[in-house]
Amino acid sequence: MTATAFTPRIFSGIQPSGGLTLGNYLGALKRFAEKQDEGIETIYCLVDLHAITVWQDPERLRQQTREAAAGFMASGIDPARSILFNQSQVSAHAELGWILNCVARLGWMNRMTQFKDKAGKNAEHVSLGLYAYPSLMAADILVYHATHVPVGDDQKQHVELTRDIAAKFNHDYGVDFFPAPEPVIEGAATRVMSLRDGTKKMSKSDPSDASRINLTDDADTIAQKIRKARTDAEPLPETLEGLKDRAEARNLVNIYAALSGMTAEAVVTEFAGQGFGAFKPALADLAVAKLSPISTEMTRLMADPAEIDRILGEGADRAEAIARPILDRTLDIVGMVRSRRG
Ligand code: ATP
Ligand code: MG
């Protein structure tokens with residue numbers, strides 16, 4: 001079988017499972033905006049069907065979806081140049097998700113670390129959806145024949161699973177239909193850690209608000225959270241090697257690097273020998289300078305929720321126009337009777 005050359009296309013998503021964080025911004029949103037400016041087709045999705053894998057209050061979910069849409073646009077995603085929509089408005093995601101549930105193997109799903117992290121000791125009581133999350137994510141990507149998926153480091157395993165699912169589908173049905181999408185994990189902050197615990201990822205669903213910086217935090221809150229961020233008592237070293245066993249310090253250096261556009265090496269060189277008493281205020285100033293225009297723009301956009309809904313609806317129509325024919329071909333391949341088609 002000859003390998004089909006797929007047109008480069010980018011897909012990625014964020015769950016409206018809470019407010020957007022600095023981790024979402026540096027690991028995803030900032031990079032989504034950069035990709036849009038590289039001239040490749042970009043499709044960005046608020047994955048609301050993923051959000052309900054854990055309990056979401058319905059009114060808050062609606063609000064969070066609109067706020068996340070505002071966060072995307074405030075971070076530079078232009079709905080005229082990228083497709084921006086919420087997942088549940090394009091039913092092809094869920095339909096392909098079911099088919100991929102029948103392709104993915106239980107043994108593969110059992111290796112997914114996100115499920116283990118999120119289910120914890122409570123695995124008997126979490127939803128079946130939380131377990132099936134990665135095959136719906138595979139559908140999100142494959143229903144557009146996306147070739148590149150910009151994500152934070154924590155989602156690498158799910159994109160790799162997507163490749164396995166695509167390959168198994170192609171193999172089982174003897175087709176060369178789905179591409180093998182590549183995870184694109186770049187930049188100085190591909191895994192921003194919690195401000196309270198350098199071994200845990202910063203997450204919008206972490207119960208501790210002090211663990212994260214939200215894109216909607218005001219300047220004082222940002223400065224206070226950085227001041228209180230857990231660190232050690234040592235000054236910053238001369239080289240990055242010196243941060244090897246200092247997870248919290250390394251995290252703040254990475255954040256500084258990603259926000260300033262410097263390399264982590266350059267940050268360490270600039271602050272070598274200085275303590276956190278000097279570094280934290282510099283980081284707080286930088287974070288406020290970079291994030292406050294975003295939060296101001298989010299507030300402006302949120303004042304007109306009807307306009308946000310209109311943008312999401314238009315994005316959903318454009319997404320549907322790509323996804324529906326790919327889903328239809330998938331249904332043909334798997335042998336479904338398709339007599340209602342025009
Ligand atoms: P939740 O806690 O509900 O899972 P989250 O903060 O992990 O929320 P997601 O919606 O799961 O956010 O992920 C959206 C994108 O943001 C993904 O590409 C993910 O890799 C990226 N991302 C999430 N957290 C971080 C982080 N701490 N550092 C870098 N990237 C991150
Ligand atoms: Mg997550």
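Remember, it's 1-based here, ligands and their atoms both numbered in the order they're listed. Worth knowing before you read on, the calculation uses all heavy atoms, side chains too, and leaves out hydrogens, waters and symmetry mates. This is a predicted model, so every value here is computed, not measured.
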(message) Heavy-atom distances under 4.0 Å decide this one: backbone, side chain, both or neither, for Thr190 against ligand 1?
(response) backbone

(message) Please work out, at 4.0 Å between heavy atoms, whether the side chain, the backbone, both, or neither of Arg191 comes within that distance of ligand 1.
(response) backbone

Quick one: look up the protein heavy atom nearest [atom] and list residue, atom name and how far away it is.
| atom | result |
| --- | --- |
| atom 16 (O) of ligand 1 | Asn24 ND2, 3.3 Å |
| atom 14 (C) of ligand 1 | Ile14 CG1, 3.6 Å |
| atom 31 (C) of ligand 1 | Gly23 O, 3.5 Å |
| atom 17 (C) of ligand 1 | Gln155 CG, 3.9 Å |
| atom 3 (O) of ligand 1 | Ser17 OG, 2.7 Å |
| atom 10 (O) of ligand 1 | Lys204 NZ, 2.7 Å |
| atom 28 (N) of ligand 1 | Val192 N, 2.8 Å |
| atom 24 (N) of ligand 1 | Lys201 NZ, 2.7 Å |

(request) Answer with yes or no whether the side chains of Asp197 and Ser194 bring together a donor and an acceptor at under 3.5 Å. (result) no

(request) Classify the side-chain pair Asp218/Thr221 by whether it contains a donor and acceptor separated by less than 3.5 Å. (result) yes

(request) Dump the intermediate steps for ring-ring contact (aromatic ring centres under 6.0 Å, His included) on Phe279 and Tyr256, then the final yes or no. (result) CA-CA 9 Å; Phe279 183 66; Tyr256 192 101; 5.5 Å; yes

(request) Give a yes/no verdict on whether any heavy atom in Lys118 is under 4.0 Å from an atom of ligand 1. (result) yes

Centroid separation [X] to [Y] less than 6.0 Å:
| X | Y | answer |
| --- | --- | --- |
| Phe11 | Tyr44 | no |
| His148 | Phe6 | no |
| Tyr173 | Phe177 | no |

(request) Just jot down the ligand 1 atoms closer than 4.0 angstrom to any heavy atom of Asp154, in number order. (result) 19 (C), 20 (O), 22 (N), 31 (C)

(message) Would a single hydrophobic cluster contain both Leu96 and Val159, if residues Ile, Leu, Val, Met, Phe, Trp and Tyr are joined by side-chain heavy-atom contacts under 4.5 Å?
(response) yes

